[in-house]
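Ligands are counted one by one from 1 in listed order, and the atoms in each one are counted from 1 as well.
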Amino acid sequence: MTTSGRAEKLGEILLATSLITSENLNKAIAAQAKTGKRLGQILVEQGAATEDDIAWALSNQLMYPYIFISRDIIDDEVVRLLPEAFLREHRVLPIQRFGQQVTLAMADPTDEHTVDEVAAQTGLQVNRAVALASNIEATLRQMPSQQPRTAKRRPQGPEAQYLKFHLAHALNEGAFEIHFDQAGDGQHRVRYRLQGILVDRAGHPEELHAGLIRHLREFAGLGDAPSAAAALTVSIGEVEVRAIVSVVPATKGPAATIALYPYRSAVPDLVPLGVGRKTVQALQGALAGAHGALLIGCADPLVRSTLIRAILHATPREKVWALETLPVFRHPGITQTPIDASALAAPLLAGPFGAGSDLVAVDDASHAATLVAAFERGRAQRVIVGHPQDDAVGLIAQVLDAAGSALVASTLAGVLAARPIRLLCPQCKERVRHGSAANGRHTFTPRGCAACSLTGFRGYRVLTEMWLPRAKDRGWMRGSPRETALARLGQATGPSMRGQGHAFVDDGLTSVAELTRVLEGS
Ligand SMILES: [Zn+2]
């Protein structure tokens, strides 16, 4: 593509999103003809748009993820796939490599010529991501200066094939996790987590286990530490999956777990989870003001992410910025910054980056500094804050301890706590009679059949408790001692999860034991 074709595309996008006027564009194109500089750069120099506006518009229109690059998310080996001079000139940075694919952060992702050149020089398929030019340049300055090296590639052994096989099978069966460990009798075993239950699959010989753990360490870039974890994107057949690989030492040698979260582009729907539109509307209403923090507490990261994304989608079209440890939902309307751990969100939330957004979401604020930074940001704008603590009172207690009652009282817009509860497999659930035949009632228990991979469960719903503080509540939140405030809060939220759960049991959707497990958090 020619330079002018590129300029037209970027210009069109900026015009379509009303970020610049046609007058701005014509002036910039004229300057471009004279200087030969890039259109985006000229628009910034002329004050027509900010760098952040341009990156946001590009990411939004072209469906490329918008990435804030930090040293933690890039792989030095991958950066060295290309000469530094090339990276500076084209304002790109290869940041991660997955198999035969490389993620390329680009200041101008419409630059087809550069994409072709990177593909030709590396022999890899290029996945584009948008990043600020200043962010790319700053990162390049921080890189240790080294000669480009070709990444060493080991021949793929049987363990690579074996891993591929299990990834494909687990995904096909709908498993969320694969466990490779030792059973205790010298046998190595493979288990899939299906419907929350670890189910045995055929084991493998000892020699393969050692090779497999070594391969996984290399595959996920875990290094040699006995305990390590990393998240990466892998393609399994046609499906792109976020995989979280962890290796831990066990009594009889190392064990590995791979959690699998397929990426999805559909708008999350909460109705099948039993969360009604009224709840979503109430939460949306709580965020109707100019500022405030909405807390979403759920221990399951995927359910938490689903809840947060559903609320984001329910808000009218706005500039939304999501900082995500589990970035599996993809939508062009939402600017996404993947992060490896909760702690890494704190500096991004506290800094000026993303100040142009109307709504900010962080899916894991379990790190205290991130929790405080999110609430601080909630003073000035609207924030959705995810947290693994899944009861409302316990969650607010943590927030009070971290951020203090004054900040919480002025900022908290609402809290939703949610716990997934498994549903009995309708094909095999068994009736249990309680009491005498005359005045007894009955419930159901799981049994297990082919349809549910012998787990007895299929699918889940969520139990929720919600509290939206009113003006008078802010007074006592600010003025009361911690314990008094939490006691009042307990009264306000009430036993709503218990009530919902008993209704599920009465309707034969779940078992008494499953409800007890969920309510008692065991
Ligand atoms: Zn069944």
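Qualifying salt bridge (Lys or Arg N to Asp or Glu O under 4.0 Å) partners for R193, counting only residues two or more places apart in sequence or in other chains: E177. Applying the salt bridge (Lys or Arg N to Asp or Glu O under 4.0 Å) criterion to E514, with sequence neighbours excluded, gives R422, R517. Residues meeting the salt bridge (Lys or Arg N to Asp or Glu O under 4.0 Å) test with R461, sequence neighbours left out: none.
Within the protein, the number of N/O/S atoms found under 2.8 Å from the Zn ion (ligand 1) is 4.
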(message) Please determine whether salt bridge (Lys or Arg N to Asp or Glu O under 4.0 Å) holds for the pair D390 and R304, giving the CA-CA distance in whole Å, both sets of side-chain angles, and the decisive distance to 0.1 Å.
(response) CA-CA 10 Å; D390 61 3; R304 188 165 73 233; over 6 Å; no
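If you check the side chains of Y263 and T233, you find a donor sitting under 3.5 Å from an acceptor.
Note: Y162 and F180 have tilted aromatic rings, judged against thresholds of 30 and 60 degrees for the angle between ring planes.
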